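Notes to accompany the following structure.
All values below were derived from every heavy atom in this structure, side-chain atoms included, with hydrogens, water molecules and symmetry-related copies excluded. These numbers come from a predicted model, not from an experiment.
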Amino acid sequence: MLESKKIHILGYSGHAYVVIDIALSNNLIVQSYFDKLQTKINPYDLVYSGSETEVDIKSLIKSDHIFPAVGSNSLRTKLITFIEEHDLNQTTLIALSAYISPLASVGLSTLIGPKVIVNSMASIGTGCIINSGAIIEHECKVEDLSHIAPGCVLAGNVTIGNNSFIGANSVVKNGVKIGKNVIVGAGAVVINNIPDNETWVGNPAKRIR
C-alpha cells in the first residue's frame, strides 16, 4: 500500500503513541515528528523536525508519508487541511489485528485501531479514527474527520456525519442517522436520529445541548 517505508507524524502525545505502534507493526519506519514544541517525553526516541508551520516540510519529508496523530477532531481537521494544501503524501494505518471487509472502504489519513471490525459495504471517510475494539457493521457510513471511540458498536446502516465524536462503549441502533459536529457520550445507547451540532448522553440517549 505504501510506496515508502518511512512515515512522519504530526503531533506526539497520547493518541500518537497508538499511531506509532500501528505504524511500527506494519514495518514502517517512523522517521520524525512535527509539533509546536519539542516534547520532553519521547518514548519512541523520535527525531524532532520542528513545527510544521515554521519549516519547509515538503523538502524535509520528500516522498515520505505523513500522518495526523492527534485525537482531537478540530485539530486533526486543521492538520489534514495543512497536509492537503502542501500536497503531502497521505496514507491509511490499519492495525494488524483489525478486520476490514474487502467490500468496505477506508479513506486516507484514517486510523483503524486494534481489533476493530469493519464489515461489508461500510464506508470510512478521510481523517477518521476508528478506535480499539470498535465494530462498524454492514453498510455503515462514517464521514470525514469523525472519531469512533474504543468499544463502540455501530449496527447496520448507521450514518455518522462529519466531525462527530461517538464516545467509548456507546451503541448506535441500526439505521440511525447522526449528524455532523455531534457528540455522543460514553456508554450511550442511541435509538433515534440526532441532528447536527447536538450532544446526547444516556441510555436511551437524550439531548443535553
Side-chain angles (χ1 to χ4, degrees), residues 1-35 38-52 55-73 75-77 79-84 86-136 142 144-152 168:
M1 178 174 62
L2 291 174
E3 296 176 358
S4 169
K5 292 186 178 180
K6 294 180 180 179
I7 189 168
H8 305 257
I9 63 169
L10 297 174
Y12 188 25
S13 65
H15 177 68
Y17 304 153
V18 179
V19 170
I20 294 166
D21 275 351
I22 291 173
L24 293 174
S25 71
N26 280 278
N27 296 317
L28 304 178
I29 298 169
V30 184
Q31 190 76 357
S32 74
Y33 73 97
F34 294 86
D35 214 334
Q38 185 171 7
T39 180
K40 295 180 180 178
I41 302 173
N42 188 358
Y44 295 89
D45 196 28
L46 299 184
V47 173
Y48 175 58
S49 291
S51 170
E52 69 275 8
V55 298
D56 184 356
I57 192 168
K58 189 75 172 179
S59 295
L60 283 172
I61 72 170
K62 299 181 174 63
S63 62
D64 296 341
H65 289 77
I66 198 157
F67 198 88
V70 296
S72 162
N73 284 356
L75 182 52
R76 201 165 61 259
T77 298
L79 292 177
I80 290 177
T81 298
F82 174 86
I83 289 169
E84 291 174 344
H86 288 77
D87 195 28
L88 305 176
N89 292 324
Q90 299 184 66
T91 189
T92 299
L93 292 180
I94 300 175
L96 297 181
S97 60
Y99 169 75
I100 312 295
S101 166
L103 296 181
S105 62
V106 180
L108 292 172
S109 292
T110 284
L111 182 85
I112 304 292
K115 298 186 177 180
V116 164
I117 296 173
V118 181
N119 272 328
S120 184
M121 303 299 289
S123 172
I124 312 296
T126 297
C128 293
I129 298 171
I130 312 298
N131 227 321
S132 307
I135 297 174
I136 313 298
V142 179
D144 297 348
L145 300 162
S146 287
H147 184 168
I148 310 301
C152 289

### Message
I'd like to know whether H86 forms a side-chain contact (heavy atoms from CB on, under 4.5 Å) with K58, so could you lay out the CA-CA distance, the side-chain angles of the two residues, the decisive distance to 0.1 Å, and finally the verdict.
### Response
CA-CA 7 Å; H86 288 77; K58 189 75 172 179; 5.8 Å; no
### Query
Is there a donor-acceptor pair closer than 3.5 Å between any side-chain N or O of D144 and the backbone N or O of G125?
no
### Query
Distance-only, no hydrogens or angles: does the Y12 side chain make a donor-acceptor pair with backbone N or O of S32 under 3.5 Å?
no
## Note on the structure
Residues V118 and A104: closest non-hydrogen pair is CG1-CB, 3.8 Å
### Summary
Distance col, row I61:CD1 vs I66:CD1, nearest 0.5 angstrom, shows 4.5 Å
### Summary
residues 108-121 vs side-chain hydrogen bond (donor to acceptor under 3.5 Å, both in side chains), sequence neighbours excluded, gives Q90-S109, N119-E137
### Pairs where residues 13-25 contributes a residue and the test side-chain hydrogen bond (donor to acceptor under 3.5 Å, both in side chains) is met, not counting sequence neighbours
D21-Y44
### A23 versus V30, closest heavy-atom pair with distance
CB-CG2, 3.9 Å
### Message
Let's go through I129 and R76 carefully: what are the C-alpha distance in whole Å and the side-chain angles of both, what is the deciding distance for side-chain contact (heavy atoms from CB on, under 4.5 Å) to 0.1 Å, and is it a yes or a no?
### Response
CA-CA 10 Å; I129 298 171; R76 201 165 61 259; 3.3 Å; yes
### Task
Give a yes or no answer on whether the side chain of S146 reaches the backbone of C128 with a donor-acceptor pair at less than 3.5 Å.
no
### Task
Starting at CG of L108, measure out to NE2 of H65 and round the result to the nearest 0.5 Å.
8.5 Å
### Summary
What one should report as the nearest heavy-atom pair of A168 and A149 is N-CB, 3.4 Å
### Query
Does a donor on one side chain sit under 3.5 Å from an acceptor on the other, for N73 and H147?
no
### Task
Evaluate the criterion side-chain contact (heavy atoms from CB on, under 4.5 Å) for residue pair I124 and I100; output intermediate values, then yes/no.
CA-CA 11 Å; I124 312 296; I100 312 295; over 6 Å; no
### Query
Who are the side-chain contact (heavy atoms from CB on, under 4.5 Å) partners of E52, not counting sequence neighbours?
L10, F34, I57, L79, F82
### Message
Do I20 and L46 have side chains that approach each other closer than 4.5 Å (heavy atoms only, starting at C-beta)?
### Response
yes
### Distance-minimising heavy-atom pair for A69 and G11
CB-O, 3.9 Å
### Query
Are I22 and P114 close enough that some pair of their side-chain heavy atoms sits under 4.5 Å apart?
yes
#### Entry: Close side-chain approach of V55 and S49, heavy atoms under 4.5 Å
no
### Task
Answer yes or no: is there a side-chain heavy-atom contact under 4.5 Å between N26 and L96?
yes
### Message
What verdict does the side-chain contact (heavy atoms from CB on, under 4.5 Å) test give for I148 and V116, after you've listed the backbone C-alpha separation in whole Å, the side-chain angles of each residue and the deciding distance to 0.1 Å?
### Response
CA-CA 10 Å; I148 310 301; V116 164; over 6 Å; no
### From L93 atom CG to L111 atom CG, the distance as rounded to the nearest 0.5 Å
6.0 Å
### Query
Under the 3.5 angstrom rule, does the side chain of D35 hit a backbone N or O of Q38 as a donor-acceptor pair?
no
#### Entry: Note, L28 side chain near T91 side chain (heavy atom, < 4.5 Å)
no
### Query
Are more than 12 heavy atoms from other residues, nucleotides or ligands located less than 6.0 Å from atom CD1 of I41?
no
### Euclidean distance, I130 CD1 relative to I135 CD1, rounded to 0.5 Å
12.5 Å
